[in-house]
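To start, the structure itself, in structure tokens.
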Amino acid sequence: MPKNEVQKRRGRLPSIEVVDLFCGIGGLSYGMKSKGFKILAGFDLDWTCQYAYETNNDAKFIYKDIKTVTKDDIKPLYSKKAIKVLAGCAPCQPFSSYAYKNKKKDPNKYDLLYEFGRLVKDVQPDIVTMENVPAIQSFRLKPVLADFVKVLREENYHVEHQIVYCPDYGIPQTRKRLVLLASRLGKIGLIPPTHRKENYMTVRDAIGDLPPLEAGERCPSDELHRCRTLSPLNMRRMMATPYGGSWKDWPADLLLDCHKKEGGESFGSVYGRMVWDEPAPTMTTLCTGIGNGRFGHPEQNRAISVREAALFQSFPLSYKFFLDENEVSLSKASRYIGNAVPPKLGEVIAESIIQHIRNTK
């Protein structure tokens, strides 16, 4: 009987090894590592992510453009008898509704999923996972998702993908993401939801115990619990925003010109406050600014802090983002966190792979 089959029947899994493309600061890798996977390396073109990736994942960060990565960069990393996982979250900005209207903005990013497909063909991992925005399903410039799935099926992978609502898996924000799983070992799919509406993780669950802050202040005991300064005008706007409210609740003299124009209603959540007993909104790369969404604290007159954004993304308090947290860049931290795959979602993907391996004969 093959060794891997004996291990499965005895309840032991073979070694599961992961190479993470477009790894960023390592949210996906960290979630998989938390489930016992061995993270070998992460590839990314943002060299500033190296410290966070390597420190939290005990893995090598490889600074390289995905378009120049080849099988010779990846295949030697894996052990011969391990289950080989190739993971990645190609940058999602090209597939957003904004990017579609401004398609000259990111012309070089449309083909990144094709590069992922090329590497799957060349490396032949046992399992592939990919996370992206739901809009990639209906992207009108190129059928990138359909083409990626076609490549996988031509290479004899069983493929499943679905839209995940993050609160269904214990993540305290209303983020929606497409998650794809593919395996050469047999049929594969995501585990069932672990939470329902009545027990969703909420803003209160995530940040209710953190010390209060004033705008522009940092917490003496937690350098990442810091928030942006507000101008006198924006402070007046924040103070005029009731619990759960937004700019629509302001007096006329505080309104921005864009809100007064036809179509201004479409900016309904900007300058909004979160609600304690609901999940937070989706964290973005601008999530620490009150003018970029419903990123106002439920009660305090400020935008959410870096620490609060990280907790909404399910990063643990122990996660290290910077070598020197006394010199945190709010813009850089917001970008890292907003771009990341929530580690908890990485755990869900890993648990799905574990159950798939156990059930595959």
State whether the side chain of [X] and the backbone N or O of [Y] hold a donor-acceptor pair below 3.5 Å, judged by distance alone.
| X | Y | result |
| --- | --- | --- |
| Y243 | W276 | yes |
| Q313 | I337 | yes |
| D147 | V144 | no |
| T129 | L180 | yes |
| R273 | H297 | yes |
| S352 | I191 | yes |
| Y271 | G245 | no |
| E131 | V341 | no |
| Y200 | T174 | no |
| N132 | A90 | yes |

So, [X] versus [Y]: side-chain donor-acceptor pair below 3.5 Å or not?
| X | Y | answer |
| --- | --- | --- |
| T241 | W247 | no |
| R237 | N301 | no |
| S29 | D20 | yes |
| D46 | Y63 | no |

So which atom in L152 and which in A182 form the shortest heavy-atom distance, rounded to 0.1 Å? CD1-CB, 4.0 Å
If you look at every heavy atom in G346 and L28, which pair is closest and at what distance?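 Closest approach of G346 to L28: CA-CD1, 3.8 Å.
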Taking atom [atom1] of [X] and atom [atom2] of [Y], what is their separation to the nearest 0.5 Å?
| X | Y | atom1 | atom2 | answer |
| --- | --- | --- | --- | --- |
| T194 | I171 | OG1 | CD1 | 8.5 Å |
| S15 | K81 | OG | NZ | 12.0 Å |
| Q50 | T48 | CD | OG1 | 10.0 Å |
| L181 | I349 | CG | CD1 | 6.5 Å |

If you count every heavy atom of other residues, nucleotides or ligands that lies below 6.0 Å from [X] atom [atom1], does the total exceed 12?
| X | atom1 | value |
| --- | --- | --- |
| E217 | CD | yes |
| N326 | CG | yes |
| K64 | NZ | yes |
| Q355 | CD | yes |

Is [Y] close to [X] at the side-chain level, that is, under 4.5 Å between some pair of heavy atoms?
| X | Y | answer |
| --- | --- | --- |
| V151 | F116 | no |
| M274 | P298 | yes |
| I357 | P14 | yes |
| E160 | L190 | no |
| V306 | H225 | no |
| R307 | L311 | yes |
| I62 | D73 | no |
| L45 | I66 | no |

I want to know whether Y30 and Y319 have ring centres closer than 6.0 Å.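 Yes.
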Is the ring centre of F295 less than 6.0 Å from the ring centre of F312?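 Centroid distance F295-F312: not below 6.0 Å, so no.
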Could you walk me through whether L112 and L21 pass side chain to side chain contact (heavy atoms under 4.5 Å, CB included), step by step? CA-CA 10 Å; L112 294 181; L21 307 177; over 6 Å; no
Stepwise side chain to side chain contact (heavy atoms under 4.5 Å, CB included) check, L233 with L254: CA-CA 8 Å; L233 177 57; L254 293 182; 3.9 Å; yes
Matching residue for F321 among Y53, Y51, F315 - test: ring-ring contact (aromatic ring centres under 6.0 Å, His included):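 It is F315, the one option of Y53, Y51, F315 that forms the ring-ring contact (aromatic ring centres under 6.0 Å, His included) with F321.
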Among E327, E325, E223, which residue satisfies the salt bridge (Lys or Arg N to Asp or Glu O under 4.0 Å) criterion with R218? E223
side-chain hydrogen bond (donor to acceptor under 3.5 Å, both in side chains) partner of Q124, the single match among K84, K75, R184, K71: R184
Walk me through whether S305 and L213 qualify under side chain to side chain contact (heavy atoms under 4.5 Å, CB included). CA-CA 9 Å; S305 70; L213 291 178; 4.2 Å; yes
Charged N to carboxylate O below 4.0 Å: is that the case for R236 and D253?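 Yes.
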Whether E308 and R302 form a salt bridge (side-chain N of Lys/Arg under 4.0 Å from carboxylate O of Asp/Glu) is what I want to check.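 Here R302 pairs with E308 in a salt bridge, since their nearest N and O are under 4.0 Å apart.
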Does V275 share a hydrophobic cluster with M201, counting links as ILVMFWY side-chain heavy atoms below 4.5 Å and allowing steps through other members?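 V275 and M201: separate clusters.
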Look at the side-chain heavy atoms of Ile, Leu, Val, Met, Phe, Trp and Tyr, link any pair under 4.5 Å apart, and say whether L286 and I290 land in one connected group.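 Unlinked, L286 and I290 end up in two clusters.
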Qualifying residue, where the test is side chain to side chain contact (heavy atoms under 4.5 Å, CB included) with H161 and the options are V179, L145, I136: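 That would be L145.
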Could you go through M32 and I353, starting from their C-alpha distance and side-chain angles, then the distance that decides it, and tell me whether this counts as side chain to side chain contact (heavy atoms under 4.5 Å, CB included)? CA-CA 10 Å; M32 291 181 148; I353 292 171; 4.0 Å; yes
